[in-house]
Structure formats: structure tokens, C-alpha cells
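Values below: every heavy atom of this structure, side chains too, minus hydrogens, waters and symmetry copies. Sequence positions, counted from 1, serve as the residue numbers for this chain.
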Amino acid sequence: MRNTRVAIVVPCFNEALAISSVIQACSQALPDAAIYIFDNASTDDTARIAHQTGANVVTVHHRGKGNVVRRMFADVDADFYVMLDGDATYDVSMLPLHVEQVCSQGLDMLVGRRVDDGDMGAYRAGHRWGNRLLTGTVARLFGEPLGDMLSGYRIFSRRYVKSFPALTLGFEIETELTVHALELRMPSAEVPVRYFSRPEGSASKLSTYRDGWKILCMIARLVISERPLQFFSVVGGILMLFALAMGTPLVLTYLESGLVPRFPTAILATGTVLTGMLALVCGVILQTVTLGRREIKRLAYLAIPGPLAATAHQCTPRTLGEPGDDVDRAKATTRETTT
């Protein structure tokens, strides 16, 4: 797509040891792309090093990767967005081919499925197991095959970015990014990407248990909001079975003697049945609300031209700041926080 604008957006926090190599590798892979480093109020020299290396640096004071992604998607204007972590763990040498794939196939999201480079410490066993568990859960919920839901290597179309609400605050953002594409049935793909160990001396900001629990809670919230009828049907069914187990002996006793000797149990069984029925009604109502909300999101998504809008042209990424662009707005809007 001639005159295609590609932006590389990198969220980072305290990555002074890695950020320079990330910027240099991205510049070599996509020399015409604009690189934006969104520094999450780092306490080391991340912002200074990124600025000296030639990137556009924007400071985001609200902590959390979700807050950074929300700011990135709001401030940067481009046709395609390459998002990757600033820890130098992803191989970016294939970026030109991946951007070409997104452009030529009309994809809204491309995810890099991490493949370690042989170093067992690059992709820790706990993170690998947790990723499989969470990815498998979301795949079953939404009926789509997924390989690496939590990957930080992604390429997005403009229509994806500008229709993404970004509601989460922390590392749960990858889950929200994936679910947004799944619920709107966006054209997506996964490609293998080599995953390296972090530079010596740097440490991961991801906590296996704390952030894993947050992501699991995020999935639970997504189930309730995106599949309310199924969720409340299960809750209602469990309550009904519980009430049936309590009430069956009472009914049998009543049929034999005409008496209800355990009146409190009868009241509890009746209340449980009513609660189960109420759960089913809530599920029906919330399902209608969910469908309406999904239609609104779909219309907002369709209001933005897709990647195939200019298929008559050749895909050739260029810099965001070329004459005639109206996308330099990102620099203007972030100038007061730019380092």
C-alpha cells in the first residue's frame, strides 16, 4: 500500500539496559517507520537513552501496561501499528514480512507466537504453563484456536486500534486485546517469533502468581460480560440442582404422610429455586444488552476504513512525518510530556 504509515509503539518501564538495542533493531528492520517509546514513568535512564537513540519518547505517569497501551492508541495516528515490549526479547528481523502480511491479507491483528531460542531461561516454565492455561481457557470460551494469547509482539490495523476501548490497567491488556478481536470476528493470524532471554542484569516486571491471578480474574469478568447467558445458566442450573436435592425428600415425605416436618428446609429449597430462576432471567436480559453493545462496537469498527481499502497500491511502509501527513498530531499532543 503506497504511502502506508507504520508506527512502532513500545511500552516500557525501567528498560535502560535493553531499550537502545530495541530501537536500533527496529530501525534496521523498518527504517521508514516512526518509533515511539512510551515510558511508564521509569526510575532509571530509559527515557534519556531512548531519546538519545533517536526515538520519540512519551512519558505516561499512570502506572500499568494497560494505561500505556490506552495512551499509545489514542495519541499515535498511523495505518499499521507494531507493538512490542521494550525488553529486547523479541526477534524483529521479520517485521517487514509481517507488516506485508497484515497489509496484503487485510488482517486486523497479527500475533507473534513465542518460540524460545533454545535457552530454557528465556521463557520460564511457570510463565509457559500459565500462558497455556489462560490461552486454552479463552480459546474454549470463544471457540477459536489460539497459540500465545499473552504475547507482547503484535501488529494492528488502524481500524483495530481506533475501535479498541482499552479498559484494563495492567498486564491483563493482552487478554483484552485478544478478546476484542475474537468477539468482533476480526481477521487475525499468528506467526512464530523467536524469543530471547532478557539482557543480563535486567529483570522481568511480570509476577507469575500476582499477574496470573489478575489475568484469571480478567477472564472471569470477560465470561460474565461476553457470555452472560451461558454463565448465569450454569449458576441457575447449579442452584436448581441444589434445591432439588434438598426438596426431593420433603416432597416424598409429604406424599406419604401429608406433612412437611422440616419447614426451614422447605423454605430454603423454595428460596434457592427462586434464586436460580432469577439468575436465568438475569442471563437473558444481560445477553440482550451484550448483543446490543457488540453491535455498537461492530459499527464503530466498520466506520474506519480497513487494510484492504487501497489494495490497488503496493504495500510500501513510509515514515509518519513525511510532508503532507496529518499524523504528526501525535508529536504535538505529546510534546509537553516528551523527553
Measuring from [X]:[atom1] to [Y]:[atom2], what's the distance to the nearest 0.5 Å?
X: F80; Y: S157; atom1: CZ; atom2: OG; answer: 7.0 Å
X: I285; Y: L280; atom1: CD1; atom2: CG; answer: 11.5 Å
X: T288; Y: R293; atom1: OG1; atom2: CZ; answer: 12.5 Å
X: D87; Y: S21; atom1: CG; atom2: OG; answer: 9.5 Å
X: M246; Y: L241; atom1: CE; atom2: CG; answer: 11.5 Å
X: T4; Y: R158; atom1: OG1; atom2: CZ; answer: 13.0 Å

Can you find a pair of side-chain heavy atoms, one from [X] and one from [Y], that are under 4.5 Å apart?
X: M109; Y: M186; result: no
X: M83; Y: I155; result: no
X: K65; Y: F38; result: no
X: Q24; Y: S20; result: yes
X: V10; Y: Y36; result: no
X: I37; Y: I19; result: yes
X: E176; Y: P165; result: yes
X: V193; Y: H98; result: yes

Under 3.5 Å donor-acceptor, [X] side chain and [Y] backbone:
X: N14; Y: T43; value: yes
X: D45; Y: R48; value: no
X: E190; Y: R113; value: no
X: N40; Y: V60; value: yes
X: R114; Y: D148; value: no
X: R227; Y: I224; value: no
X: T290; Y: S225; value: yes
X: S151; Y: Y153; value: yes
X: D79; Y: R5; value: yes
X: R63; Y: A41; value: yes

Worked verdict on L299 versus K297 for side chain to side chain contact (heavy atoms under 4.5 Å, CB included):
CA-CA 5 Å; L299 291 175; K297 292 174 67 174; over 6 Å; no
Pick one: which of V22, V92, V82 meets side chain to side chain contact (heavy atoms under 4.5 Å, CB included) with I8?
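Going through the options one by one, the only one that passes is V82.
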Following the transitive rule for hydrophobic clusters with a side-chain heavy-atom cut-off under 4.5 Å over Ile, Leu, Val, Met, Phe, Trp and Tyr, establish whether [X] and [Y] coincide in one cluster.
X: Y195; Y: M94; value: no
X: F232; Y: L229; value: no
X: V161; Y: L302; value: yes
X: L169; Y: V69; value: no
X: M149; Y: V223; value: yes

Pairs in or reaching into residues 257-285: which pass side-chain hydrogen bond (donor to acceptor under 3.5 Å, both in side chains), with residues at least two apart or in two chains?
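Pairs touching residues 257-285 that pass the test: none.
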What are the two closest non-hydrogen atoms of [X] and [Y], and how far apart are they?
X: A243; Y: V273; answer: CB-CG2, 3.3 Å
X: A78; Y: V6; answer: CB-C, 4.5 Å
X: I173; Y: G66; answer: CB-CA, 4.0 Å
X: A18; Y: G86; answer: CB-O, 3.6 Å
X: I23; Y: A50; answer: CD1-CA, 3.6 Å
X: V57; Y: A47; answer: CG2-O, 3.8 Å

For side chain to side chain contact (heavy atoms under 4.5 Å, CB included), just list the numbers for C12 and D85, CA-CA rounded to whole Å, side-chain angles, deciding distance to a tenth of an Å, and then say yes or no.
CA-CA 7 Å; C12 61; D85 296 334; over 6 Å; no
Under a 4.0 Å threshold between the charged nitrogen and the carboxylate oxygen, would E226 count as salt-bridged to R294?
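Counted as a salt bridge, because a side-chain N and a carboxylate O are separated by less than 4.0 Å.
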Taking the basic N atoms (NZ, or NE/NH1/NH2) and the acidic carboxylate oxygens, is any pair closer than 4.0 Å for R154 and E174?
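Looking at E174 together with R154, the answer is no, because their closest N to O distance does not fall below 4.0 Å.
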Please say whether more than 12 non-hydrogen atoms of neighbouring residues, nucleotides or ligands are located less than 6.0 Å from CZ in F242.
no
Run the ring pair (Phe, Tyr, Trp, His ring centres under 6.0 Å) test against F156 and tell me which residues pass, sequence neighbours left out.
F73, Y160
Just say parallel, tilted or perpendicular for the rings of H180 and F164, cut-offs at 30° and 60°.
perpendicular
Please evaluate residues L110 and Q101 with respect to the criterion side chain to side chain contact (heavy atoms under 4.5 Å, CB included), reporting the C-alpha separation (whole Å), side-chain torsions for both, the decisive distance (0.1 Å), and the verdict.
CA-CA 9 Å; L110 183 141; Q101 180 179 349; 3.7 Å; yes
Run the side chain to side chain contact (heavy atoms under 4.5 Å, CB included) check on D39 and V58 step by step: do they pass?
CA-CA 6 Å; D39 176 51; V58 181; over 6 Å; no
Residues in side chain to side chain contact (heavy atoms under 4.5 Å, CB included) with L244, at least two apart?
T248
I'd like to know if the side chain of T46 pairs up with that of E15 as donor and acceptor (distance under 3.5 Å, no hydrogens or angles considered).
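No pair is found: no donor N or O on one side chain lies under 3.5 Å from an acceptor on the other.
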With no hydrogens and no angle check, do the side chains of D108 and Y301 hold a donor and an acceptor under 3.5 Å apart?
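Y301 and D108 do have a side-chain donor-acceptor pair below 3.5 Å.
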